[in-house]
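When a ligand or atom number is given, it counts from 1 through the structure's own listing order. By convention here, the first residue in the shown sequence is residue 1.
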Amino acid sequence: MDKLTQKEVFKDLNPEKIDFYLLNKVDSTNTFAKEMSLKKDYLVVISEEQTAGRGRQGKDWYSPNAGNIYMSIRLKNNNPAPLSLIVGLLISEAMDSVSGRKINAGLKWPNDLLIDNKKICGILIESEISGDNNDFIIGIGINYSLPQKESWWGDIGQLADILPREKLINSILKKITFYAENGYQNWKFAWEKRCIHMGKEVKAISNNEKNYELGKFNGINEEGKMLLQTKNELKIISSGECSIKGIY
Ligand code: BTN
């Protein structure tokens, strides 16, 4: 496995706008980015390994030194579209543009990326508020190789030739910074097109995992909330996870 190099990862990105940290080992790139202050437009932290990687809903994110991507981007965001959904969409698009193929990594609400029905990427969005200052921290984990795996975890090791780590990181950074500065016009349409469970029966699970609703996934609204057609009504689900039978 080749180690990441600053030259390739940050190629054609403006160092006047971005503070870069390329680390070998850190507890969590999100925690690191939360503890730093934003002196430029963006702060980017990438590490080869995390000793306390964090996932959504208080879960751990397994982060061995195995050639995976562990990256956090701290920034301000004034776009109305929901960052948490946009980032998944941009990563799926980055995979297509780097490889020059329709990889079509599927989106599972709110922001998992799947290939062959296995999760290959997770996204954790956090915010850091102090006074009038509201910064977001986008945490991205993309797996190329995992020595240990749950049945529903996948990786993109087989695509490494057409999706080299450095090029994928570089493309994701370009897409996220472009989005922060220009927005994304038809994001909802683009998100739904890549979603793997449009019109399908899903289980919407609330944050505490105790309550759930069953229904048909009818897409998302402008805020990125789930529209769930239950037996009796159309419900708007703002947070939590969704589970699809036979996938996870
Ligand atoms: C999920 O649960 O699906 C979200 C996983 C997010 C993992 C990434 S890896 C880089 C960043 N640092 C962390 O501690 N977590 C995120």
Side-chain angles (χ1 to χ4, degrees), residues 4 9 19-36 42-75 82-92 94-95 105-115 117-128 135-156 165-166 168-170 172-173 176 194-197 204-209 224 226 239-244 247-248:
L4 297 170
V9 166
D19 265 331
F20 299 121
Y21 294 86
L22 194 51
L23 313 171
N24 277 323
K25 198 185 217 180
V26 71
D27 50 358
S28 146
T29 54
N30 260 40
T31 308
F32 185 96
K34 275 184 129 199
E35 285 163 358
M36 304 294 286
Y42 310 95
L43 183 138
V44 175
V45 190
I46 300 169
S47 183
E48 292 285 359
E49 181 179 358
Q50 298 185 117
T51 53
R54 295 188 285 109
R56 297 181 70 229
Q57 304 190 312
K59 294 186 184 138
D60 293 337
W61 185 256
Y62 177 47
S63 313
N65 185 345
N68 298 320
I69 297 177
Y70 312 115
M71 164 161 81
S72 299
I73 302 134
R74 181 168 179 153
L75 76 171
L83 200 51
S84 103
L85 271 76
I86 289 280
V87 173
L89 171 62
L90 296 179
I91 296 173
S92 181
M95 289 183 172
L107 301 173
K108 178 169 169 288
W109 189 89
N111 55 21
D112 285 353
L113 265 83
L114 284 79
I115 292 182
N117 289 340
K118 306 261 185 207
K119 175 166 172 170
I120 51 107
C121 166
I123 298 163
L124 173 69
I125 311 270
E126 297 182 294
S127 60
E128 192 63 26
D135 295 352
F136 291 91
I137 293 120
I138 302 170
I140 299 168
I142 301 177
N143 290 325
Y144 279 76
S145 130
L146 290 172
Q148 295 158 29
K149 256 191 209 166
E150 298 284 345
S151 58
W152 47 280
W153 295 354
D155 66 65
I156 54 169
R165 238 181 2 147
E166 302 194 318
L168 182 56
I169 294 175
N170 184 261
I172 292 170
L173 287 173
I176 290 180
R194 285 177 189 258
C195 172
I196 57 164
H197 48 76
I205 309 157
S206 72
N207 273 334
N208 60 25
E209 294 200 8
M226 178 198 298
S239 63
E241 300 279 326
C242 82
S243 159
I244 311 153
I247 301 187
Y248 69 89

Q) Any idea which part of Ile140 is under 4.0 Å from ligand 1, heavy-atom wise: side chain, backbone, both or neither? A) backbone
Q.
Give me the residue, atom name and distance of the protein heavy atom closest to atom 15 (N) of ligand 1.
A. Arg54 O, 2.7 Å
Q.
Does any part of the side chain of Ile120, heavy atoms only, come nearer than 4.5 Å to the side chain of Leu114, both counted from C-beta?
A. no
**Q.** Ser92 side chain to Ala105 backbone, donor-acceptor under 3.5 Å
**A.** yes
(Q) With heavy-atom distances below 4.5 Å as the criterion, would you say the side chains of Trp153 and Asn143 are in contact? (A) no
Q | Check against salt bridge (Lys or Arg N to Asp or Glu O under 4.0 Å), Arg56 and Glu241 | A | CA-CA 10 Å; Arg56 297 181 70 229; Glu241 300 279 326; 2.3 Å; yes
Q. Can you list the ligand 1 atoms lying under 4.0 Å from a non-hydrogen atom of Ser28?
A. 12 (N), 13 (C), 14 (O)
Q. Is Lys108 reaching over with its side chain to a backbone N or O of Cys242, donor-acceptor style, under 3.5 angstrom?
A. yes
(Q) Between Ser47 (side chain only) and Gln50 (backbone N and O only), is there a donor and an acceptor less than 3.5 Å apart? (A) no
Q: Answer side chain, backbone, both or neither: which part of Ile123 comes under 4.0 Å from ligand 1, heavy atoms only.
A: backbone
Q: Identify, by atom number and element, the atoms of ligand 1 in contact range of Gly53, meaning under 4.0 Å from any of its heavy atoms.
A: 14 (O)
Q) Of all the non-hydrogen atoms in the protein, which one sits nearest to atom 2 (O) of ligand 1, and at what distance? A) Arg56 N, 2.7 Å
Q: Look at atom 3 (O) of ligand 1 and say which protein heavy atom is nearest, naming residue and atom and giving the distance to 0.1 Å.
A: Lys119 NZ, 2.6 Å
Q: List the steps and the verdict of side chain to side chain donor-acceptor pair (under 3.5 Å) for Ser145 and Asp155.
A: CA-CA 6 Å; Ser145 130; Asp155 66 65; over 6 Å; no
**Q.** Atoms of ligand 1, numbered as shown, that sit under 4.0 Å from any heavy atom of Met71
**A.** 10 (C)
Q.
Suppose I only count heavy atoms of Ser72 and a 4.0 Å limit; which atoms of ligand 1 are within that range?
A. 11 (C)
Q: Taking the side chain as every heavy atom from C-beta outward, state whether Leu146 and Pro64 have any pair of such atoms under 4.5 Å apart.
A: yes
Q: Can you pull out the closest protein heavy atom to atom 5 (C) of ligand 1? Residue, atom name and distance to 0.1 Å, please.
A: Trp61 CE3, 3.4 Å
Q.
Counting non-hydrogen protein atoms only, what is the nearest one to atom 12 (N) of ligand 1? Give residue, atom name and distance.
A. Gln50 OE1, 2.9 Å
(Q) Can you name the atoms of ligand 1, numbered from 1 with element, that are less than 4.0 Å from a heavy atom of Gly141? (A) 8 (C), 9 (S)
Q. Below 4.5 Å, heavy atoms only, C-beta onward: do Asn111 and Val87 meet side chain to side chain?
A. no
Q: Provide, to 0.1 Å, the distance between atom 10 (C) of ligand 1 and the closest protein heavy atom, together with that atom's residue and name.
A: Thr29 OG1, 3.2 Å
Q. By number and element, which atoms of ligand 1 are closer than 4.0 Å to a non-hydrogen atom of Gly55?
A. 1 (C), 2 (O), 4 (C), 5 (C)
